Each structure stands twice: as structure tokens, then as C-alpha cells.
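Just so it is clear, the model here is predicted, and its values are computed rather than measured. Proteins come first, then strands; the chains are lettered A, B, ... in the order of their sequence lines, and each starts at number 1.
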Amino acid sequence: MSGTIAELMSAQSSTNPDERPIRVRMAPSPTGPLHIGTARTSLYNYLFARATSGTYVLRIEDTDLARSTPEFEHDILDNLHWLGITWDEGPQAAGGEDIGPFGPYRQSLRMDRYAREADRLLQSAAAYHCWCTPEELDAVRREQEAHREPPRYNGRCLRLTDADRAAFEAEGRRPAVRFKVPPETIRFDDLIRGEVEFDNGLLGDFVIVRANGVPVYHFTVVVDDEQMEISHVIRGEDHLSNTPRHIALIQALDYTVPRFGHMPLILNPDRSKMSKRLLQTAIGAYREQGYLPEAIVNFLAFLGWSPGTEEEIFSLDELAARFEIGEVHKAGAVFDESRLDHLNGVYIRSLNDADLALRLRPLLAEAISDATLAGLVPLVRERMVRLTDAVELTGFLAEPDDVVAGWWDVDDLLPKGRDLAEVAGALGVARDELAACGDWSAEELEAAARGAAGELGWKPGDFFRPLRLAVTGKAVSPPLFGSMVLLGRERTLARLDAALERLRAAAPA
RNA sequence: GCCCCCAUCGUCUAGAGGCCUAGGACGCCACCCUUUCAAGGUGGAGAUCACCGGUUCGAAUCCGGUUGGGGGCGCCA
């Protein structure tokens, strides 16, 4: 049954057409900070590269000179590193040197290549000069829309005479270069979507080099992917419809067609394409708010992929070991912030004391010493969704006594059914019992407070309420006695005394 | 308007013809634990698998259509 073997071989070769080594790339554009969507595309490419022992290339797509900035480039590379995503070729740091044999990895430094390849197309008449102005194109487009026709280039400059061309040149117009799209059916086998078919006869000829000489994205990707020997192009679904024009370009240039894989989009809660309007999209913003890179990676990985089991906590390494491009979903996935929050909490709780202290340190006031921080960690760990939650939780330690006292009102001290005098009495007893403790430890303080509550016939919860307010300034706080230990004997008693004074002043004589 | 893609609880998902009276997780509700809040534990509500037709002894799973949603149609990337 040689047919079976032949089928098997053709199936394999369709996965990896010419046995080229696997090389993937991410190609961010430094026209904004690292976006959630770019981060996920980068992650999937990274996972694919690691799962297949391929090479991962980073290329900076900075042909939009006006909007690209070094700051954005820095944000992108820095946050990618922060997420734990590394690459084998390309600039390792913003403005830093490239690594790898296919450089430069920055499109602004590759202009001569684009010009050369555009000339080849011009020479073979696969492309032509176009003198239409943006205004003229706009007018045509509006006309087409009015007639309910698909908006596409009308091919005017394809039919120009030499005299026309000379006239435009005489006017001082500079031509753009337009690719003449062959009217063919383009078919390809998408890694994620399977067979996809487009009719390029429906496409208008598109610009590949602007009148100012700067090449356009559709052209630069194709040239760069060929010259960097990219074997698999994994990108967002928004590029699916662009793929047939890329393939047409690849064929006209006599390049090798890579395998394509189009990932589902990340969606707003209303299921439209993720946007800054409805969602926070900058990775840096999540970082600043105290999301852990581990949680973001885990969350992003599951937005459009699942290992097929019920496990859901995975490190980057574990993801790389499990990842399978064919398992990636086709449907878009809504970005659910409450799920990210949950995962972040899980990761925070999994951190050991030293690690959590290290991550909290830069967020907390200097008034909180390293020793205090060490004691704080076990008290706050289970109470945080984001690292920045620790700021609120530890405010009672960072702020001076009078500020903390300003956080509450005398009325807040009263548990249900107790009046001012009762509370003043109870607080007084508690203060004295605590002061009498020989050892200022959470265990001893708790025993003393519970003893006092019992003797007075108070429920512990009610009894602790005014204490908590007086010491931490809030009705909700980390565990009370641990908090007292960290505050220290002196400051705790001072706050209790101050509270007593306020109570007595407010109580009717 | 044209082209393309998609469709399981509110959300992320499991499911590749019988194991599904559709499983897990987030969120929500209740209870337990408890010094507050969390965390943790237990339980609950929540999906006629978009709809309609096929194929089949049998369909969430295969096929066709419909509807709905999304993406693309730039001298943006």
C-alpha cells in the first residue's frame, strides 16, 4: 500500500513544506506601548518556537516614522522581557545591538532591500507607478461607496500613456508604487483554520511603496519574512484577509510561501475587537497595578488555547511543554478581568515570603522597614488581588498616628447594640490588659484581649472592632494582633489612648 | 456593499458519533470556618450545545442552509 505512505509524506510536507528549519517571528511596531494583543501573539509564537525547538526572531517594524518612538520600543522590549518572553535573534534591548545573522532587525535600517525588491517588481511589470493623490483616491472611494461598490483602486494609473506620466512628472508629482494583483484564487492551509480560499480578482491593486519612498507594511513583512527565512507566520486573525495579498506578493517575488496560522482575536466585553476605549490594553499598566507576569502569561495563554485537561495553572515552561498550535481555537475570546484577578491572587498566594517581600518592597513606603515588611507578608498575602493592594492594607503602618486617627469617626467604633460608655469602658480594659502583657506577641495579645472580652461578656468580634479601628484606622484590616505587633507596643498603646480620649470627650458625662 | 472567519453556561473553556440526564474554572448566591476582610471548605442557580434541515440505529460532535457576531477591504501596522 504505497499510497498510504505517499499520503503520509504529503501530509508531513504540507506541515513543513520544504523541511526548512522552523523560524518564527514577532514584529511589534513601536507606535505605542506593548499591547495585550501583541503580548499574546508574542507569547504564542514563543511557545510555538519552544515547542518545536525553532528559532524566535524579534523584528521592529518602524516604517511609520512619524509615530514610532524609542520610548515605545523600550516599553515593548522591556515588558516582553518582564513577561519572561525571550528571543534568539533581534535587538535584545531598545536601541541595543542586534543578535543574529539576518540583521538588521529594524525595518528603518532595511530600506535599501525594500527599494531593491520594489524595483524588481517594477521591472517585471508586476508593479507600476501610481500618481493618484490621496484626494483623488478618496474621491474615487466615496464614489464607489455611493454606488455600493466595493472600495478598491480603479486602476487609473495602469492605463496611463507616456504623455500622462510626463505630465505628472512635470507637475512635480512623485509616484507611489502599486502592486498589480493577479486575479487568481489563492488557497492556503492555515495552521489554525485549515483550508482557506480567497479570490484575489476581487482585490484592487495596492500600494507597496509610498510616494515618499517609504514602503508599506504588506510589502515589508513579505520581504523581511523571506530574507529572515521565517517558516511559520503566526499572527492575529485580523491579518487573515491580508494573507492572500501577501501570498500574491510572495509569488510575484518568487519567494517561498511560509505556513500561516491566524489566532483568534482578543475581544472587548461586547465582543468587538479589543480596544483601548473599553479595556486597559497596555501591559505596562497591568504591571504598574501589581499584576504578576506569571499570572498574565497564564491568563493570556488560555485566551484561545487550552491543554485539553482541567488543569489551569501553568508556568511559562509548562506551557511551552504542552503547547500545540493545532489546538488553538478559532473563535475570539473575551478578556475577562475578573478571571485575571483570580489568577493573580492565586500566583500571589503561591509566592514564598522572601519573594513576595521583594516584589512588594518598591511599592511600599520607606516608613515600613524591611523587618516590618517581613512580618507583614504573611498577614497580607491572602488579602491581595494585586500587589498594589498592599499599599492600602499597610497604610496604618506607613502613616503617622494622627493621620490614621483621621480615618475613623467615634460612631464607627460602636458595635451594634453598644453605646459610647460601654465601648469606652471595654476599650479601657483592653488597653490595660494589652499593656500588661509581658511579651508583645500576637499570641499573648490575643489571649489577653479574649480574656478581657470574656470577663466583660462581650463577643470577641464586637470587642475587637473598636480596637481594630483605633489601631489600624479601618473596619477592615489585616489580622488585628499581628498588626499590633508590627506597629509596636508604644504606638499601639498611644493610638488606644488617643481613641479613649476621643471616646470620653464624645460621651455624655 | 463585497470578501473571509467564527458560533458549548454571563465569561474562559472540556468535548474530535454512543462514556453527555454536557464536565471544570471565573463570577454570582447560600452555608461552614472565622477577630474584620480575605483565603479555604461545602452546596446551589446558571447551556433545550444559535436556529432549521439532513446523514446515522444514534449528533454538541459529520454535511447543507439560515440567523447572529467578528475581521478585512488605507500612500496604518
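The 5' end of RNA chain B is approached more closely, in terms of each residue's nearest nucleotide, by A/L480 than by the other of A/M384 and A/L480.
Here A/P478 lies in heavy-atom contact (under 4.0 Å) with a base. Residue A/G304 is classed as a sugar-phosphate contact, given heavy-atom separations below 4.0 Å to backbone atoms only. Within the 4.0 angstrom heavy-atom criterion, only backbone atoms of the sugar-phosphate kind lie near A/E197; the bases stay farther away. Note on A/R465: nothing from the nucleic acid sits closer than 4.0 angstrom, heavy atoms only.
Distance check on atom P: B/G58 versus B/U67 gives 29 Å, rounded to whole Å. Separation of the P atoms belonging to B/A77 and B/G72 is 15 Å when rounded to the nearest angstrom. Taking atom C1' in both B/G44 and B/C49, the straight-line distance is 22 Å, to the nearest Å. Going from the C1' atom of B/G27 to that of B/G10 covers 8 Å, rounded to whole Å. Comparing the same atom, C1', in B/G54 and in B/G17 gives a spacing of 15 Å after rounding to whole Å. Straight-line distance between the C1' atoms of B/U13 and B/A7: roughly 14 Å, to the nearest whole Å. Taking atom P on both nucleotides, B/C4 is separated from B/A60 by 29 Å, rounded to a whole Å. Comparing B/G69 with B/C32, their P atoms sit 46 Å apart, to the nearest whole Å.
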Scan nucleotides 67-77 of chain B nucleotide by nucleotide, 5' to 3', and note B when protein non-hydrogen atoms come under 4.0 Å of the base, S if they reach only the sugar-phosphate, - if neither. ---BBSBSBSB

Determine, for nucleotides 19-27 of chain B in 5'-to-3' order, which nucleotides have protein heavy atoms under 4.0 Å from the base (write B), from only the sugar-phosphate (write S), or from neither (write -). ----BSBSS

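Looking only at side-chain heavy atoms (C-beta outward), A/E169 and A/P175 come within less than 4.5 Å of each other.
Set against B/A39, B/C12, B/U36, the side chain of A/E382 has B/A39 as its closest nucleotide. In the set B/C37, B/U35, B/A14, B/A14 carries the atom at the smallest distance from any side-chain atom of A/S306.
Between A/F335 and A/F299, the ring center distance clears the sub-6.0 Å criterion.
A cation-pi arrangement, defined by a distance under 6.0 Å to the six-membered ring centre and an angle within 45 degrees of its axis, is present between A/R245 and A/F206. Seen from the ring of A/W408, A/K474 does not count as a face-on cation partner, given the 6.0 Å and 45° thresholds.
In this structure A/D462 satisfies the side chain to side chain contact (heavy atoms under 4.5 Å, CB included) test together with A/P415, A/W458, A/K459, sequence neighbours excluded. Contacts of A/F188 classified as ring-ring contact (aromatic ring centres under 6.0 Å, His included), with partners at least two apart in sequence or in another chain: A/F260. Residues forming a ring-ring contact (aromatic ring centres under 6.0 Å, His included) with A/Y347 (at least two apart in sequence, or on another chain): none. In this view, A/W305 and A/F302, A/F323 satisfy the ring-ring contact (aromatic ring centres under 6.0 Å, His included) rule, not counting sequence neighbours.
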With salt bridge (charged side-chain N to carboxylate O under 4.0 Å, His left out) as the criterion, how do A/E226 and A/R113 come out once you've worked through the C-alpha distance, each side chain's angles and the decisive distance to 0.1 Å? CA-CA 11 Å; A/E226 166 76 9; A/R113 294 166 197 258; over 6 Å; no

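Pair assignment for B/G10 gives B/C26, based on Watson-Crick or G-U wobble hydrogen-bonding distances that are each under 3.5 Å.
With hydrogens and angles disregarded, no donor-acceptor distance shorter than 3.5 Å links the side chain of A/R359 to the backbone of A/I348.
Between the base of B/C5 and the side chain of A/R193 there is no donor-acceptor pair shorter than 3.5 Å. Side-chain N/O atoms of A/R468 and base N/O atoms of B/U35 include a donor-acceptor pair closer than 3.5 Å.
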